Structures are given as C-alpha cells and as structure tokens.
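Below is one structure; the comments refer to it alone.
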Amino acid sequence: MGAAKRPACFSKDSPIFGIMKRGFGATVVTFLDISLLPNVDGDGLGFHQTFCAYTNADYNNGRGISFVVTPEVAASISSETFGLGVGGLDGQVGSEMGMWEVKETKEMGQGLFAREDVAAIFAGESLIIKTPVLFVAKQLLDTPSTSRRQLVLQKAVEQLPEKTRTAVEKLAESRDGGVKDMILTNGITVKWPWADEVPELLAVTPEVARINHACRPNALWRFNDYTLGFEVFALKDIKPGEEITLSYGFESRSHRRRVKSIEANLGFTCRCPLCSANETLIEQSNDRLSEIKALKSVLPSDQKDSPQLLGLLPNLIKNLEEEDLHTEIPMYEEILAYTWSSFGIEVRAKYWAGRARRHWAVIAGKESWETKRCADLENDVKAHASWMSWDGEDPWEGVGQGHPWDEREGDDHDHDHDHSH
Ligand SMILES: C[S@@+](CC[C@H](N)C(=O)[O-])C[C@H]1O[C@@H](n2cnc3c(N)ncnc32)[C@H](O)[C@@H]1O
C-alpha cells in the first residue's frame, strides 16, 4: 500500500464529517485521528489505517455511547440508528424490576444472581435490555500493540459521561490490565451490518459484563442492530438465588479441549459447574459430546436421503437435551417437522412443529419469524409447501423393524412447559 496516507478523520471529504453535518441536536460528537498500523506481512513499508474514537455523550438519555471504528464504519452510524436507542426503556427490565443483583462469588469475582425474593424467572424472559456503551472494531484489537491504539481506546472511554465512564472503569480485567484487556474481557462480538464490509465489533455493556461464563448457561443474549439494544434473556427457568450465566463460547468441545480453549482465548480457568463436576459426570458429558459430533457428521444433506433424518434427528435432539445444549434444538425439530410433512404424516409434522415453535419462542423470541413459521406449519400442515413434497420411493423401504409409520402418537411426550402468558 506504500506510504502514509493523511488520516481521513481530518480530511474535509472524510465520511465522519457526514455524521457531524447530519447532526444530532444537542449531541456532543467528538472524534480524533488515530493509528498507523504496520502491515507485518507486506512489503515492510506498512500501510496505514485510520480509526476514530467517536462518542455521542448524550445518547440514550445521557447514558452515552462510544465507537472505535474506521471512519467508514463511523459514517454508517446513522441518525436513524441513534434515534431508535432503547435507553428510554430503562426501568422496564432488569435490576429496576428487582429481578437480579450483582453479588461477589467465591471464585469468579462478581456475578449476576436472580434475587432471592423474586418468583422464578421463566425461559424466554428478558433480564437486561441495555445499549452497549462502547463498540470497538475487532480488527483494531487484532493488531500488534501500539501506544496510538491505547490512546484511541482510552479516549473512547474518557469521552463517555462520568457515570458511564465510572461503570466501565470498574469492569474486570483478566490479563495485563489496560483498556484493551478490559474490552477483551467484557466485550461480546456482534456484527455491524450497516457498513459494506460488515465488520465485527466488540460491544461492552456494563450490566451484561457482570455475567460469568458457564459451559451450560441458563441465559442467552441477542443484539438488535436497529435499536442497538443488547438483550440478555433466560434460556431456562431460573430459580431465586441462582447465578445467571452466559456462554462465552467453546461449549461443544470436550472437557479438556474446552478448558484449554478458554484459558488460551479468554485468559481464565473455567470453574463453571460442568467443568468442576466429578470425573464420572465429565466423562458422561464427553461421551455425549462425541455422540453429538458423530450424529452431526452423518446427517444427510441430499434431499433424497431425507428418510434417514427421521431416525437420526430424534437421537441427536435427545443427546442435545441430555447434554443441556439447547440452542440448536429448535432448528433440528423444525427440519423433522418439514420432513414428516413431506411424507404426508400430519400428526408427526404437527408434533415437531409445535416443539420447534415453543423452543424458538424462547431462543429467537415469541415474535420471531422462526416462531411464526413453525406456528404456520403446526396450524395447517396440509396447506404448507412441504406437504407431500416427497417424490421418491417408499421412504420406509429397508427400514426394517421400528417402522416410522408405527410410531404411536403420545409415545414421547414433550415435557417442556409453554410459559406464554
Ligand atoms: C465478563 S467478566 C464477568 C464478571 C466478573 N466476574 C467481574 O467480577 O466483573 C469475565 C471474567 O470473569 C471471570 N469468570 C467468568 N466466568 C468464569 C468461569 N466460568 N470460571 C472462572 N472465572 C470466570 C474471569 O475472570 C473472566 O475474565
């Protein structure tokens, strides 16, 4: 790429000026030029990239928000995006509702706990909806450390309103300290679909950052890239006093690999209930994880082999349930529903569509199109495009004993409770 380019932030043509021109009423917008990153694989001359610390201190009723991104990405932060912030929802969920509290744990620093005096929290219920206060381009953190990078990250924190800045400065660090460490320890990767290259950003939300990791968590998160609302919701029913946990990743690896990956990538030794369980339980879990991997590896991708799914998928779902790995289950249930529908077996299609609908309602939300799509199939299997779409041979040819047509209704009950109220 050759010699240094003049940092784009200061150029009149810079897209960041677009933001300033569009304006945000009384909003304070601060920016600064940053970072010349040497290109280690290139011709040695290095290329230069510009990152801006872009802060809107008024955002979300004074909660504030900072971005450390390229000027192009900063320019994609539109007034529409900012106009839709969920900060006005303060008070609707979370601590204000008395659902959870931050407490000191024995081995993991602070953690978030369901309050003792609340009734149970049900699967699918929201625990936190907050806007992140800091977004940082992952690309910037992946580069060798420079003082300029440190400077831009610090600036992004300093520019936040005092209350928010104090909350950020109190967040945990896991290695050498410093802002980069704080971001890697507490940031969650989200995609930013508003810029052409769809960059990955680490989003730091102080309330969410108090949630510890568990390899079998009881909560999940989702990020709404329209409202910038970062939501944590219950994946399972959570009892009063129970710790609320999220998975930071690596949950489908076997115990040893999981512990090593977490140490190498996240800088701590996992002390979650599964990783601290006795040897027998860990072995059982490892066996199930191998079985899950083996089943996934033989799942047919060709439609002509879809009869095989009818045997493989219920087995896979059963293993995932027993292993407490819930997020993939509705997808497999939904595939089973379409497969049964394609063979014209209404009752089975309805059964699996119903299960998929209930599980999608927790994982993707009651109003999600996944939930609605399954409800459509469940409500009128025969009107669905998949109905009787199988045009191959008798699918049960050679299946032998345990013919799927013989499967009696009611053989396997769905124990999941539908908490829709
Ligand atoms: C995002 S913070 C979670 C909140 C943190 N415990 C605090 O005091 O603010 C992540 C840090 O918490 C600790 N942590 C989280 N989950 C853990 C686990 N399963 N085992 C051990 N330490 C954990 C690690 O120090 C990790 O770097």
Side-chain angles (χ1 to χ4, degrees), residues 105-112 127 132 136 138-139 141-142 171-176 180-191 200-205 208-223 230-236 238 242-297 299 316-317 319-332 359 362-364:
T105 68
K106 259 197 244 125
E107 289 174 314
M108 304 185 207
Q110 297 189 322
L112 209 69
L127 298 161
V136 177
K138 249 189 152 175
Q139 181 200 4
L141 298 180
D142 289 342
L171 294 178
E173 288 156 357
S174 47
R175 290 178 184 158
D176 56 353
K180 181 188 171 192
D181 188 9
M182 180 278 291
I183 294 163
L184 288 174
T185 305
N186 299 286
I188 296 183
T189 305
V190 299
K191 287 208 160 67
E200 286 192 332
L201 307 182
L202 279 169
V204 178
T205 314
V208 175
R210 289 296 175 209
I211 305 181
N212 286 318
H213 161 90
C215 294
R216 300 294 173 259
N218 54 16
L220 278 181
W221 60 267
R222 61 172 84 97
F223 173 62
F230 196 101
E231 180 179 6
V232 175
F233 59 95
L235 169 63
K236 301 189 243 173
I238 300 174
E242 205 179 310
E243 179 163 9
I244 295 161
T245 53
L246 285 171
S247 168
Y248 301 175
F250 310 108
E251 66 273 5
S252 53
R253 299 190 179 176
S254 63
H255 177 246
R256 243 162 45 141
R257 289 191 56 221
R258 211 167 57 226
V259 170
K260 287 210 156 114
S261 306
I262 291 174
E263 277 172 356
N265 291 283
L266 304 170
F268 63 89
T269 304
C270 186
R271 297 194 164 82
C272 81
L274 179 60
C275 291
S276 329
N278 65 40
E279 253 175 60
T280 317
L281 288 176
I282 287 179
E283 235 170 76
Q284 284 168 354
S285 158
N286 282 346
D287 288 348
R288 264 192 306 265
L289 290 167
S290 311
E291 176 77 5
I292 289 168
K293 207 167 159 195
L295 283 165
K296 282 186 183 172
S297 73
L299 286 182
L316 177 56
I317 291 166
N319 274 286
L320 286 167
E321 273 177 342
E322 283 173 9
E323 189 48 33
D324 221 0
L325 286 170
H326 299 275
T327 44
E328 292 170 78
I329 291 176
M331 176 182 76
Y332 292 126
H359 292 149
V362 171
I363 286 165

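All values derive from a computational prediction rather than experimental measurement. These values consider heavy atoms only, across backbone and side chains, with no hydrogens, waters or symmetry-generated copies.
Atom NE2 of H213 sits about 12.5 Å away from atom CZ of R271, to the nearest 0.5 Å. To the nearest 0.5 Å, atoms NE2 (H326) and CD1 (I363) are separated by 8.0 Å. The distance from the CD atom of Q139 to the CG atom of L141 is 10.0 Å, given to the nearest 0.5 Å. Note: I317 CD1 to L325 CG = 13.5 Å, rounded to the nearest 0.5 Å. Note that the CD atom of E323 and the CD atom of Q284 stand 9.5 Å from one another [nearest 0.5 Å]. Note that CZ of R253 and NZ of K293 are 9.0 Å apart. Values are rounded to the nearest 0.5 Å.
Defined by atom type and a distance below 3.5 Å, a donor-acceptor pair is present between the side-chain atoms of D181 and T185. Using modelled atom types and a 3.5 Å distance limit, the side chains of E263 and T269 yield a donor-acceptor pair. Side-chain atoms of T105 and Q110 include no donor-acceptor pair closer than 3.5 Å.
Under a 4.0 Å N-O distance rule, the pair E328/K296 qualifies as a salt bridge.
Considering N212, V208, L112 as possible partners of L246, the one that fulfils the side chain to side chain contact (heavy atoms under 4.5 Å, CB included) test is V208. Only one option out of I183, I188, N186 pairs with L202 in a side chain to side chain contact (heavy atoms under 4.5 Å, CB included); it is I183.
A 4.5 Å side-chain heavy-atom check between L274 and S285 finds at least one atom pair inside the cut-off. Side-chain contact check for K236 versus V362: every heavy-atom pair is 4.5 Å or farther apart. Contact annotation: the side chain of V259 never approaches that of F250 to less than 4.5 Å [non-hydrogen atoms, C-beta and beyond]. Put simply, the side chain of L299 reaches to within 4.5 Å of the side chain of Y332, judged on heavy atoms. Within the 4.5 Å cutoff, side-chain heavy atoms of V190 are placed close to those of F230. A 4.5 Å side-chain heavy-atom check between E242 and N218 finds at least one atom pair inside the cut-off. In this structure, R216 and C272 have side chains that are not in contact, with every pair of non-hydrogen atoms separated by 4.5 Å or more. Between C215 and S247 there is no side-chain heavy-atom pair separated by less than 4.5 Å.
Within the cation-pi definition used here (under 6.0 Å to the ring centroid, within 45° of the axis), R222 qualifies as a partner of F233.
Between A219 and I244, the closest heavy-atom pair is CB-CG2, 4.0 Å. Across L171 and A209, no two heavy atoms sit closer than the pair CD2-CB, 3.8 Å. In this structure, H255 and N286 approach most closely via the heavy-atom pair N-OD1, 2.9 Å.
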For this session: With side chain to side chain contact (heavy atoms under 4.5 Å, CB included) as the test, would you mind laying out the steps for L220 and T327 before giving the verdict?
Result: CA-CA 9 Å; L220 278 181; T327 44; 3.6 Å; yes
